[in-house]
Amino acid sequence: MVSVRKWIVPAGVVVAAITSIGVQKRPPAAAFATTAPAQATAPGFNIQVVADKLVAPWSIKFLPDGRVLFTERAGRVRIIKDGALLPEPALVVPDIKAWVKMGLLGIELDPNFASNHFVYLAECYGGEAERDSWVRIVRYVLNGEKLESPTKLLEKIPGYLNHSGGRLACGPDGKLYITTGDADRPSDAQNLSSFSGKILRINPDGSIPSDNPFVNTPNAIPSIWTFGHRNSQGLAFEPKSGKLFAPEHGPTGGDEVNLITRGANYGWPTVSHDRSANGMVSPLIEFSPSIGPADAVFYHGAMFPELEGNLLVGCLRGEAIMRFTLDSSGEIIADVDRLLFQKIGRIREVAVAPDGAIWITTSEVDPPEGRNKENFDQVIRLTRGTDAPLPPADPALHPLGGVALYARYCASCHGQGNAPGPNSSLFDRKWQFGQRDAEIRRSIGEGVTGVDGHAFAGKLSTEEIELVLRFIRVREEIYGPR
């Protein structure tokens, strides 16, 4: 079993702790009853809509001459020039298969783009049947404001509705890295003769690097770099260390951020969430409930010095940018927090422009989660606004205190915040089994007789029960008036 650090994180909270792989551990809750985390500073943003009325803009790249390329999942590559969207696409893929979340996905520039003008795209295609769906990697030449001269590098990568991967990134080694989904056939992620559920690595001309881990493995696809992935749609190289990080969509929660290591097996579908197995790498961080992690980028720029070196991950279901702090070796250590939470919508792409501005895209038209807001989808540029400190900490609101415990044990039935659950709220003082502290402690700690799924005896310590109770009591401090 590979030894890495692992956190299990309720969606959208701030985290500052390290736990061990394979065992679901939490620091003693009593430690958070007296010690509050340090107050952090998050940047404020000015929000500029650069382009709107789009169809799921998926990936952004900045050209040396100041223009911006991005893909729309409907099959178009668009250009932003001098801050405005050009009316004519640079490319319309004629046979794009844009079903559900398939379509035109990742875009990447060649490391030598300034001289060769090569642009790589991940395109979904296929027939009328759902299962007749594939992804191909195609190289184009940007000639003025048009993409021309397509050259197919890889074909017949299985794709399917929600699980088609499609993120492209050129590494510091000059190779092209490609994420693939499991195409809704989970077992294929463990099969080295299938493209599904992998991260691939090829040379820019489509040939196979001789140092790929499975080049000499019988029946293995030689372009495979890692396997055991469910559906990763993000890749980010840490500039100083060269380490590769990949967010990944989990099954009903269990979203991940992984540190990618040559030839490693990331477990899907054998393990997920907080489970582990020998020979399989568990995530650095797991999110339950789901945040829907999309693309990722390391921030380097002058505009937001407080974000320098941070890993930023766009979140679809989480409707935010998740921010991770790394240590000097390029590993995530602390301070997970969310920026722009529920202020814009479902965020897919996060990219850093040469001037340090952060560009994001929205995915509000996504079926079935999308809400088809007016004038969406959008490409948005974030520049510096007024700094805003995060709210002062309360021990019960500490991310490894009452917030996390409530999210894990209570929210699925009783709701969280202003969002109702299938059972009665714990925040309205209409408790059925007693309103006094002692009665609530007993209900939490021992369960409620005759109520299915409410038997927590032995699962929560006395200190943890106190933190859940405190969290319930200070509910209005977090969510405001009912």
Side-chain angles (χ1 to χ4, degrees), residues 50-51 53-99 102-127 133-157 159 164-171 174-180 195 200-209 223 233 235 295 348-349 351 353-354 359 361 377 379:
V50 180
K53 300 180 182 178
L54 304 170
V55 180
W58 216 89
S59 185
I60 293 175
K61 293 300 169 185
F62 302 96
L63 301 182
D65 63 7
R67 293 180 296 168
V68 181
L69 287 181
F70 70 90
T71 56
E72 280 186 275
R73 207 169 56 220
R76 296 179 288 266
V77 178
R78 309 298 299 272
I79 297 179
I80 294 170
K81 183 178 181 180
D82 298 326
L85 178 68
L86 298 185
E88 293 297 320
L91 174 72
V92 177
V93 180
D95 62 341
I96 200 72
K97 188 171 183 178
W99 290 14
M102 295 189 299
L104 182 56
L105 306 177
I107 186 171
E108 178 61 300
L109 306 182
D110 189 90
N112 298 311
F113 174 84
S115 59
N116 61 28
H117 296 177
F118 287 165
V119 176
Y120 304 92
L121 295 177
E123 304 172 353
C124 295
Y125 66 104
S133 302
W134 310 94
V135 180
R136 64 192 174 214
I137 309 303
V138 185
R139 187 183 70 200
Y140 292 84
V141 177
L142 182 63
N143 183 9
E145 293 176 351
K146 295 295 180 181
L147 286 173
E148 302 173 342
S149 306
T151 301
K152 296 175 184 176
L153 304 183
L154 283 177
E155 296 184 272
K156 286 287 187 176
I157 300 170
S164 301
R167 186 61 61 179
L168 307 179
C170 284
K175 312 302 182 184
L176 180 63
Y177 291 76
I178 304 155
T179 70
T180 75
F195 279 117
L200 311 178
R201 177 179 182 256
I202 62 174
N203 291 316
D205 62 0
S207 62
I208 305 301
S223 58
Q233 295 183 330
L235 291 171
D295 198 19
R348 181 175 294 282
E349 173 73 306
W359 289 55
T361 71
D377 277 320
V379 173

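Heavy-atom basis, side chains included; hydrogens, waters and symmetry copies ignored. As the structure is a computational prediction, the values presented were derived from the model and not from experiment.
For the pair C124/L105, a side-chain contact is recorded, criterion being any heavy-atom separation below 4.5 Å from C-beta on. At a threshold of 4.5 Å between non-hydrogen side-chain atoms, the residues L142 and R67 count as touching. In this structure, L104 and R76 have side chains that are not in contact, with every pair of non-hydrogen atoms separated by 4.5 Å or more. When side chains are defined from C-beta on, V141 does not count as touching L147, because their heavy atoms never get closer than 4.5 Å. You'll find the side chain of P204 stays beyond 4.5 Å of the side chain of L176, heavy atoms only. Residues Y120 and I178 fail the side-chain proximity criterion, which asks for heavy atoms closer than 4.5 Å. A 4.5 Å side-chain heavy-atom check between E88 and E145 finds every atom pair outside the cut-off.
The two residues W58 and G166 make their nearest non-hydrogen contact at CZ3-O, 3.7 Å. Nearest approach of L168 to G106, heavy atoms of both residues: CD1-O, 3.7 Å. Scanning both residues, E108 and C170, for their nearest heavy atoms gives OE2-N, 2.7 Å. The two residues M102 and G159 have their closest heavy-atom pair at SD-C, 4.3 Å. Residues V55 and E72 come closest through the heavy atom pair N-OE2, 2.7 Å.
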Evaluate side-chain contact (heavy atoms from CB on, under 4.5 Å) for V379 paired with L85, printing each intermediate quantity in order. CA-CA 10 Å; V379 173; L85 178 68; over 6 Å; no
Kindly indicate, with the supporting measurements, whether the criterion side-chain contact (heavy atoms from CB on, under 4.5 Å) is fulfilled by I96 and E123. CA-CA 7 Å; I96 200 72; E123 304 172 353; 4.2 Å; yes
Might you work through the side-chain contact (heavy atoms from CB on, under 4.5 Å) test for I79 and V68, ending with a clear yes or no? CA-CA 6 Å; I79 297 179; V68 181; over 6 Å; no
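With rounding to the nearest 0.5 Å, the separation of CD in E155 from CH2 in W134 is 11.0 Å. Interatomic distance, NZ of K175 versus OG of S207, reported as 7.0 Å (0.5 Å rounding). Taken to the nearest 0.5 Å, the OG1 atom of T361 stands 10.0 Å off from the CZ atom of R73. Expressed to the nearest 0.5 Å, how far CD1 of I157 lies from OG of S223 amounts to 7.5 Å. Expressed to the nearest 0.5 Å, how far CZ of R139 lies from CG of L121 amounts to 12.0 Å. A distance of 7.5 Å separates CZ in F118 from OG1 in T151, rounded to the nearest 0.5 Å.
By the neighbour-count criterion of 12 heavy atoms within 6.0 Å, atom NZ of K152 is sparsely surrounded, having that number or fewer from other residues, nucleotides or ligands. In this structure, D82 places its CG atom where only 12 or fewer heavy-atom neighbours from other residues, nucleotides or ligands lie under 6.0 Å away.
Remark: the backbone N or O of K156 is paired with a side-chain donor or acceptor of Y125 at under 3.5 angstrom. The backbone N or O of L86 sits less than 3.5 Å from a side-chain atom of R78, completing a donor-acceptor pair. In this structure, S149 contributes its side chain and Y140 its backbone to no donor-acceptor pair below 3.5 Å. Side-chain atoms of T180 come within 3.5 Å of backbone atoms of F195 as a donor-acceptor pair (strictly under, hydrogens ignored).
For the pairing with T71, the side chain to side chain contact (heavy atoms under 4.5 Å, CB included) check across V93, I60, I107, L91 returns one residue only, I107.
Checked against the 6.0 Å centroid criterion, the rings of F70 and W359 do not qualify as a close aromatic pair.
Using a cut-off of 4.0 Å between Lys/Arg side-chain N and Asp/Glu carboxylate O, R167 and E349 are scored as salt-bridged. Remark: D95 engages R136 in a salt bridge, criterion side-chain N to carboxylate O under 4.0 Å.
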